[in-house]
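Beneath this line is the structure, given in structure tokens, with notes to follow.
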Amino acid sequence: MPLTQPHDELSAWLRLTLEPDLGPSLAYALLSALGEPAQIYARRAAELMRHVPQSLALQLASEPPAEIAEKIEATLRWVDEPGRHILTLADPAYPQQLLTIADPPLLLYVAGDPAQLSKPGLAVVGARSATPGGEENARAFSRHLSAQGWSVVSGLALGIDGAAHEGALAAGPEGAGTTAVMGTGIDRIYPAAHRDLAHRIAAHGALISELPLGTPVRAFNFPRRNRLVAGLARGVLVVEAAKQSGSLITARLAAESGREVFAIPGSIHSPLSRGCHALIRQGAKLVETAQDITDELGLPAPDVRPAAEKTTQAPIAPEPPLLRALGHDPVHLDALQARTGLDTATLQAQLLELELAGHIARLDDGRFQRLGS
């Protein structure tokens, strides 16, 4: 069965999403009362006026303006290219998870594999201005979750989102892949720094958007994007978030839709921990390892972990004393020196060794931050 509909049917769906002054609620009402868009556009204005205002009924009963006709033709050319798809509400490949939210998109633009959208999903979201430790956590959690059969869903933003996509891709072909939900037209990669990442996601997962081709960056589109991130997932993990952030919107939407919400706690001194701590106070499940999530939700599919992860792990090496002294909050050099009693030269040499090994990061303000768990 084809993943996209014939062009005449698809043209009607596209026009319905491009109609001026026709919001989602009116579009749903028309679809419910009159059937698919092609049937709507076959009706006379007098019949349409039973469902929408007169001006809109006359608009729907007329030929589309040249500007809309041109956009439809451009979109039909776009979807004819390999790896590009448009899924409508009537398409059997439309992700069933999205039908459980209050306002599922009339259609989805997809670059990549539409089957990715029907895999069991977990959203991993967080701050754009993430700490190195937060990004490392997002990568590690996402790699583990993907290896366990969960498709990682996120928003392609800088910081935690990008790290989550990278981690899912790092699980390799045996992992469950990743879906990036965009807040722009699917032909407008934002941020530009993630252009290469977006191409890799399209090759090994899916990019999706509900917005028409060419839609630029507009702030009000991102909260609507967040509802799709939550809608595609069975649970949402918030890695780092300030008290007022889009990640908390995603978590709230997930909770309202009956999804599980998970949060990673952090330092009481970090502004990026406050959103996670607020979620935990509100009932989100505190997690310290990705296993905490799979213990809660179970495995969505047979064990698909790479063979290297299935082998018996070697004994864990003792933790270096300096790491124990560092703890889990950012620390200045003088505080570390007071904790360890090491002279400056020895301390700096050991810090450099840990930094090169990827165990710690040197922050812009000169403090040192432990990475990972």
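In this text the structure is predicted, and so the values were computed from the model without any measurement. Heads up: numbering here begins at 1 and tracks the sequence.
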Do [X] and [Y] have side-chain heavy atoms sitting under 4.5 Å apart?
| X | Y | answer |
| --- | --- | --- |
| P114 | Y94 | no |
| P37 | R15 | no |
| V125 | N226 | no |
| K71 | P65 | no |
| I264 | F141 | yes |
| L106 | T88 | no |
| M182 | I189 | yes |
| V181 | V153 | yes |

Do you know the tightest heavy-atom contact between [X] and [Y]?
| X | Y | value |
| --- | --- | --- |
| A242 | L272 | N-CD2, 4.1 Å |
| G155 | H165 | N-NE2, 3.8 Å |
| R259 | Q97 | NH2-O, 3.3 Å |
| H194 | L156 | ND1-O, 2.8 Å |
| P95 | L117 | CB-O, 3.6 Å |
| A230 | V236 | CA-CG2, 4.3 Å |

**Criterion side-chain contact (heavy atoms from CB on, under 4.5 Å) on Q148 and L145, from CA distance to verdict** = CA-CA 5 Å; Q148 294 290 331; L145 292 168; 5.7 Å; no
**Aromatic plane relationship, F222 with Y190 - under 30° parallel, 30 to 60° tilted, over 60° perpendicular** = tilted
**Request:** Check the surroundings of atom CG in D80: do more than 12 heavy atoms from other residues, nucleotides or ligands lie under 6.0 Å from it?
**Result:** yes
**Prompt:** Around atom CD of Q244, are there more than 12 heavy atoms of other residues, nucleotides or ligands at under 6.0 Å?
**Reply:**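 Incorrect, the count does not exceed 12.
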Spell out, as yes or no, whether a donor-acceptor pair under 3.5 Å connects the side chain of [X] to the backbone of [Y].
| X | Y | value |
| --- | --- | --- |
| H277 | G266 | yes |
| S146 | R143 | no |
| R234 | P300 | no |
| S32 | A29 | no |
| K119 | A176 | yes |
| S209 | Y109 | no |
| S142 | A138 | yes |

Is there a continuous path of hydrophobic side-chain contacts, each under 4.5 Å between heavy atoms, that joins [X] to [Y]?
| X | Y | answer |
| --- | --- | --- |
| L99 | L16 | yes |
| V239 | I280 | no |
| L211 | W78 | no |
| V229 | L98 | yes |
| V217 | L207 | no |

Atom [atom1] in [X], atom [atom2] in [Y]: separation rounded to 0.5 Å?
| X | Y | atom1 | atom2 | answer |
| --- | --- | --- | --- | --- |
| D113 | T179 | CG | OG1 | 9.0 Å |
| D187 | L213 | CG | CG | 4.5 Å |
| I201 | E166 | CD1 | CD | 7.5 Å |
| L18 | I72 | CG | CD1 | 6.0 Å |
| S257 | R252 | OG | CZ | 10.0 Å |
| E9 | Q39 | CD | CD | 9.5 Å |

**Request:** Verify side-chain contact (heavy atoms from CB on, under 4.5 Å) between L197 and L169, making sure each step is shown before the conclusion.
**Result:** CA-CA 10 Å; L197 174 60; L169 292 172; 3.9 Å; yes
**Request:** Evaluate side-chain contact (heavy atoms from CB on, under 4.5 Å) for L14 paired with I86, printing each intermediate quantity in order.
**Result:** CA-CA 10 Å; L14 289 167; I86 295 177; 4.1 Å; yes
Using a 3.5 Å cut-off and no angle test, enumerate the donor-acceptor pairs between side-chain atoms of residues 45-60 and protein atoms at least two apart in sequence or in another chain.
residue : atom : partner : partner atom : Å
E47     : OE2  : R43     : NH1          : 2.5
Q59     : NE2  : E19     : OE1          : 2.7
Q59     : NE2  : P20     : O            : 3.0

**Item:** T178-R200 side chain donor-acceptor pair, cut-off 3.5 Å
**Value:** no
**Prompt:** Would T131 and Q369 count as having a side-chain donor-acceptor pair, cut-off 3.5 Å?
**Reply:** no
**Message:** Go through it in stages, so that I can follow the logic: the residues are R84 and I186, the test is side-chain contact (heavy atoms from CB on, under 4.5 Å), and I'd like the CA-CA distance, side-chain angles, deciding distance and then a yes or no.
**Reply:** CA-CA 10 Å; R84 297 174 178 178; I186 202 165; over 6 Å; no
